Amino acid sequence: MQLSGWSKERKGWLPQTLIRKPIIVTNPWEQFRNQVIEALHVSSGRDLSQYLEIPADPQHGDLACTAAFHLTQELKKSPVEIAKEFAVFDPVKFPLIQQVVAQGPYVNFYVNIIPYRRLVVDAIQKTGDSYGTSDIFVDKHVVVEYPAVNPNNPLHIGHARNAVLGDTVARLMKTMGADVTRMDYINDLGLQIAVAYWGLKHLEPPKYKGKYDQIIGRLYVEAQEKHDESQVRKYLKLMEQGDNKVAKEVRTMSERVLRAQQKTHALLNVSHDLLVWESNIAHSGLFAEALEKMLGAPGTSKPKTGEKAGCIIVDLGIYEEFQQLTDTDKVLVRSDGVATYTGKDIAFHFWKFGVIKDPFLYKPFKSRVKRDQTLWTTSHTGDPGRYRPAHIIFNVIGMPQGLAQRTVYLTLETLGYTEAAANYYHLAYEFVTLPDAKFSGRKGTWIGFSTDEVIKEATQRARKEVKKRNPEADSTFIREVSEAIGSAAVRYSLLKIAVEKQIVFKWDEILSFDGNAAPYLMYTYARASSILRKESAPKKARISELVNPYETELFKLLGRYPAILREIVQDMRREKWGTRIELFHLAEYIYELCVAFNTFYNHCPVLTADTQEMKGARLLLVNLCRQVLNNGLHLLGLTPLERI
RNA sequence: GGGCCCGUGGCCAAGCUGGAUAAGGCACCGGCCCUCUAAGCCGGUAAUCGAGGGUUCAAAUCCCUCCGGGCCCGCCA
């Protein structure tokens, strides 16, 4: 498929993301790993990279090769013999390898810490805030869509999981060199919006005072029971027609709710670049144009007779999972000419990928939330031509939508848009539930568990601790620090669990402040900062002083950071239920780095080190740790603080 | 009826493209503030990896059957 409309010359509407510094890729761990692969190639005559693993026990080296097991038949030798043969290398050619030991059937490689340490120091010092970046998505426009919450509710904690995942993926893609658009889709034309609007018009305002999304959310719950069916239907019709008082008021209501939701986003460090509204899509002519493409594409048909006479359908019978269904035909457009959900989604993705031209007008979306760059919105007024087609898209949508999402990209494939289909990722995640109920906007089960309320509780808990530790501090400091810690605790606890795992909401788990939790990570960063505040780190130092196991462990971990990020992206794979992306590996890594730093901190005095040389070297090491923690925390969307 | 996800110590949870004694965290028990922030560090108790079969030199990991929890299979949205 040709991605029409895309060219490097055409500057997009997000100037900041397009101005890219040249990316310097440094990856110490990969360099070591490559030498191991090469060395094995020399000794065995084959590529054994698939048999490499990091041993659980550091006694077994830094990288181990299990290939000997698999080659016994072919080589007609015992694994022990094979391992022995493979365990040779040329130290001159492979300076990063210190030694290779055959331990039984395993071939264990030990990193040569002296040059490796040097490599790590140089890499981090040279790249600084960019340490960890990669170039694998350079010149790619990546669109990440999240969390698409209906504008008639505040975010409950399950929505927060979506938002946090999407925002983190967007950050990661930027780190991989991509030009990223963080998109939010707002369905302001749904039945639930009409019901909420009915509530706004016909019900007393709730007693609750505060954020508008909370108010409308409560009104909606009440309206759900009390609303007049025919009146709501009338509103819905007017909304769909557009250009009338009701449609205007609904849009205004939705925008107000969205502004309130964005305050919650801001607490979680979640941000966006572009809002796309259903009410703009509906009046853009997007669907009419998409329809022509669908009709002209292979795979679609419009049966004249039978059950689906008059519909536009696509036959997905070639895909195994659809063969099980009673009917392999998927309706894209109903016999009355109205698109189905799938049909609309196809049209929307035609736009995202640039199959059809951009029909929207854009203007900045004004709100009080502080932003790193302008937030744009589709609108009935404004300027055209601001969207650039995506090369890769991620839709963060719950796992229950897995089949529907698969239907969308398999349909794209069937219609001949194979490249678009291949670059369409449904980033699926399991829902957050209550111990005995689901979150439901309609039933109002979210009340008491909205993200605002959870963060508020977290902030209050953090506040007690911050006050205790900083009795002298002023109220601004206490407020800012407790807010940062409270929100970070919530964000991190959503991020550290694998996406395919359902989370049952429990206060003590989501607000955990000890051990593997955001406050611990932030505390570690503050500790490192505290040392460097008392004495700054030298650019050069005698790092050969740093020979104890705590220091060595830190160098090894610091060198792995860029590889961790790359692996997360490269290991991303599409499953039937959605795309698996293991963001929590980053959380896990940062946690490990913190553990290693705290261990070092407790065993190795820095400011009171025995010698000046030792002090300088340790200060330098602390500075490297602080840098990598800074980069990693930012990537996780946690704000590193100098003092907590 | 077909399909998807989950099931690992009291609780949460990593490992699941098979490989060396089954990570972590919470809770619990014991120790460490004269020393850079004790949200920390050191040590300890605790697991028939849902059950049963099978494949393999080797199974938490692969295959089959079953059990428990969650979810999906419309010209609806």
Side-chain angles (χ1 to χ4, degrees), chain A residues 50-51 53 55-57 59-60 64 66 68-70 72 78-79 103-106 108 187 190-192 307-313 320-327 329-336 338-341 343-344 398-404 406 428 430-431 433 438 462 465-466 468-470 485 493 496-504 506 508-509 512-524 526-535 571 573 575-578 584-585 588 591-592 594-595 598-609 618-619 622 643-644:
Chain A
Q50 59 168 316
Y51 300 117
E53 59 181 42
D57 184 349
Q59 295 267 314
H60 298 131
T66 59
F69 289 111
H70 305 273
T72 47
S78 77
Q103 277 163 280
Y106 297 90
N108 296 334
N187 185 4
L191 181 67
Q192 63 279 31
E307 216 179 19
K308 289 181 175 163
C311 296
I312 295 171
I313 58 169
E320 200 191 339
E321 66 265 42
F322 290 91
Q323 286 162 9
Q324 318 293 336
L325 304 179
T326 44
D327 187 350
D329 290 332
K330 187 76 203 167
V331 176
L332 301 180
V333 183
R334 292 190 276 166
S335 51
D336 62 2
V338 178
T340 61
Y341 191 80
K344 281 185 197 166
M399 206 179 286
Q401 300 270 14
L403 184 63
R406 203 163 155 73
E430 265 292 3
F431 283 163
T433 64
K438 281 191 275 188
E465 197 66 29
V466 175
K468 199 168 79 193
R469 287 153 187 279
N470 301 279
I485 293 175
S493 57
K496 77 170 178 188
I497 293 179
V499 291
E500 65 269 25
K501 214 108 171 180
Q502 203 172 65
I503 298 177
V504 178
K506 284 175 192 142
D508 285 340
E509 274 160 26
S512 135
F513 278 22
D514 300 311
N516 189 359
Y520 174 79
L521 310 183
M522 295 167 89
Y523 174 71
T524 308
R527 265 184 157 178
S529 302
S530 169
I531 294 175
L532 296 166
R533 201 161 44 236
K534 296 197 164 82
E535 197 154 340
D571 292 348
R573 59 183 186 274
E575 309 279 358
K576 276 189 179 167
W577 51 267
F584 65 90
H585 283 333
E588 211 167 55
Y591 173 68
E592 264 177 53
C594 287
V595 170
N598 282 315
T599 305
F600 160 79
Y601 182 96
N602 275 276
H603 291 90
C604 312
V606 179
L607 298 177
T608 55
R618 283 186 176 158
L619 278 167
V622 171
R643 236 187 260 263
I644 69 171

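In this text the structure is predicted, and so the values were computed from the model without any measurement. Throughout, protein chains are lettered first and strands after them, A, B, ... in sequence-line order, and every chain is numbered starting at 1.
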Just checking A/D571: base, sugar-phosphate only, or nothing, at a heavy-atom cut-off of under 4.0 Å? nothing
Between A/F584 (CZ) and B/G25 (P), how many Å, whole number? 17 Å
Expressed as a whole number of angstroms, how long is the span from A/I531:CD1 to B/U37:P? 7 Å
Take atom CZ of A/R533 as the centre, draw a 6.0 Å sphere, and report whether it contains more than 12 heavy atoms from other residues, nucleotides or ligands. yes
A/H585 NE2 to B/G24 P: how many Å, rounded? 17 Å
Whole-Å distance between B/A22 P and A/D57 CG? 12 Å
5′-ward residue of the pair A/V606/A/T72 relative to RNA chain B: A/V606
Please check this pair: side chain of A/T340 against backbone of A/L332, looking for a donor-acceptor N/O pair closer than 3.5 Å. yes
What base-paired stems does RNA chain B take part in, with at least 3 consecutive Watson-Crick or G-U wobble pairs and both distances under 3.5 Å? B:1-7 with B:67-73, B:10-12 with B:24-26, B:28-32 with B:40-44, B:50-54 with B:62-66
Value in whole Å for how far the C1' atom of B/A13 lies from CD of A/E588: 10 Å
Without swapping roles, check the side chain of A/K308 against the backbone of A/D329 for a donor-acceptor pair under 3.5 Å. yes
A/Y51 OH to A/H70 NE2 distance, which is reported to the nearest 0.5 Å: 5.5 Å
A/E500: salt bridge (charged side-chain N to carboxylate O under 4.0 Å, His left out) partners, not counting sequence neighbours: A/R580
Contact class for A/A528 (heavy atom, under 4.0 Å): base, sugar-phosphate, or nothing? nothing
Pull out every protein N or O sitting under 3.5 Å from an N or O of nucleotides 75-77 of chain B, one pair per line with the distance.
from: B/C75; atom 1: OP2; to: A/K308; atom 2: NZ; distance (Å): 3.2
from: B/C75; atom 1: O2; to: A/S335; atom 2: N; distance (Å): 3.2
from: B/C75; atom 1: O2; to: A/S335; atom 2: OG; distance (Å): 3.2
from: B/C75; atom 1: N3; to: A/S335; atom 2: OG; distance (Å): 3.1
from: B/C75; atom 1: N4; to: A/E307; atom 2: O; distance (Å): 2.5
from: B/C76; atom 1: OP1; to: A/R334; atom 2: NE; distance (Å): 3.4
from: B/A77; atom 1: OP1; to: A/R334; atom 2: NH2; distance (Å): 3.4

Nucleotide nearest A/Y591 (side chain, heavy atoms from C-beta), chosen from B/C72, B/U21, B/G25: B/G25
N/O-N/O pairs, protein side and nucleotides 40-44 of chain B side, under 3.5 Å:
from: B/G40; atom 1: OP1; to: A/G515; atom 2: N; distance (Å): 3.1
from: B/G40; atom 1: O2'; to: A/R527; atom 2: NH1; distance (Å): 2.7
from: B/G40; atom 1: O2'; to: A/R527; atom 2: NH2; distance (Å): 3.4
from: B/G40; atom 1: O2'; to: A/N602; atom 2: ND2; distance (Å): 3.1
from: B/C41; atom 1: OP1; to: A/Y520; atom 2: OH; distance (Å): 2.9
from: B/C41; atom 1: O4'; to: A/N602; atom 2: ND2; distance (Å): 3.0

Could you run down the sub-3.5 Å N/O contacts of the protein with nucleotides 3-6 of chain B?
from: B/C5; atom 1: O2'; to: A/E500; atom 2: O; distance (Å): 2.8

Distance between C1' atoms of B/G43 and B/U48 (Å, rounded): 28 Å
Could you tell me how far B/G40 sits from B/G25 if I compare only their C1' atoms? Round to whole Å. 15 Å
Within-4.5 Å side-chain heavy-atom neighbours: A/T524 and A/Y601: no
Given RNA chain B, 5'-ward residue of the pair A/K438 and A/L607, judged by closest heavy atom: A/L607
Taking atom C1' in both B/G15 and B/C73, compute the distance separating them and give it to the nearest angstrom. 32 Å
Rounded off to whole Å, could you give me the CD-to-P distance for the A/E53 and B/A22 pair? 15 Å
Rounding to an integer number of angstrom, what distance separates B/A20 and B/A60 when you compare their P atoms? 10 Å
Heavy atoms under 4.0 Å, any strand shown: does A/P400 hit a base, just sugar-phosphate, or nothing? sugar-phosphate
Would A/L619 and A/L607 satisfy side-chain contact (heavy atoms from CB on, under 4.5 Å), going step by step from the backbone distance to the final call? CA-CA 8 Å; A/L619 278 167; A/L607 298 177; 4.2 Å; yes
With a 3.5 Å distance limit and no angle check, can you tell me whether A/S530 reaches the backbone of A/A526 through a side-chain donor-acceptor pair? no
Euclidean distance for C1', B/C76 against B/A51 (whole angstrom): 41 Å
Base, sugar-phosphate, or nothing: which does A/R643 touch, judged by heavy atoms less than 4.0 Å apart? base
Pick the P atom in B/A22 and in B/C5, then give their distance to the nearest Å. 27 Å
d(CD1, A/I497; P, B/G15) in whole Å: 12 Å
Looking at A/A517, is its backbone amide N or carbonyl O close enough to the side chain of A/S512 to form a donor-acceptor pair, meaning the two atoms are under 3.5 Å apart? no
Reckon A/K496 touches a base, only the sugar-phosphate, or nothing at all at heavy-atom distances under 4.0 Å? nothing
Heavy atoms from other residues, nucleotides or ligands near CD of A/Q323 exceed 12 (cutoff 6.0 Å): yes
Distance test, side-chain N/O of A/K534 to OP1/OP2 of B/U37, below 4.0 Å: yes
N-glycosidic conformation, B/C33 - syn within 90 degrees of 0, else anti: syn
Looking across every strand, which nucleic acid part, if any, lies under 4.0 Å from A/I644 by heavy atom: base, sugar-phosphate, or nothing? base
Between A/R334 and A/D336, does at least one N-O distance fall below 4.0 Å, as a salt bridge requires? yes
Between B/C63 and B/C26, how far apart are the two C1' atoms, rounded to whole Å? 36 Å
Whole-angstrom distance between B/C34 and B/G30, as gauged at atom C1': 24 Å
Apply side-chain contact (heavy atoms from CB on, under 4.5 Å) to A/H60 and list each qualifying residue two or more places apart in sequence or on a separate chain. A/P55, A/D57, A/Q103, A/N108
Taking the six-membered ring for Trp, are A/Y520 and A/Y591 ring centroids under 6.0 Å apart? yes
Nearest heavy-atom pair of A/R618 and A/P605: which atoms, and what distance? NH1-O, 2.7 Å
Keeping the roles fixed (side chain from A/K496, backbone from A/N516), state whether a donor-acceptor pair exists under 3.5 Å. yes
Quick one: label A/V466 by what it contacts on the DNA or RNA (base, sugar-phosphate, nothing), any heavy atom closer than 4.0 Å. base
Rounded off to whole Å, could you give me the CG-to-P distance for the A/L403 and B/C72 pair? 11 Å
Should A/R527 and A/N598 count as side-chain neighbours, where that means a heavy-atom distance under 4.5 Å? yes
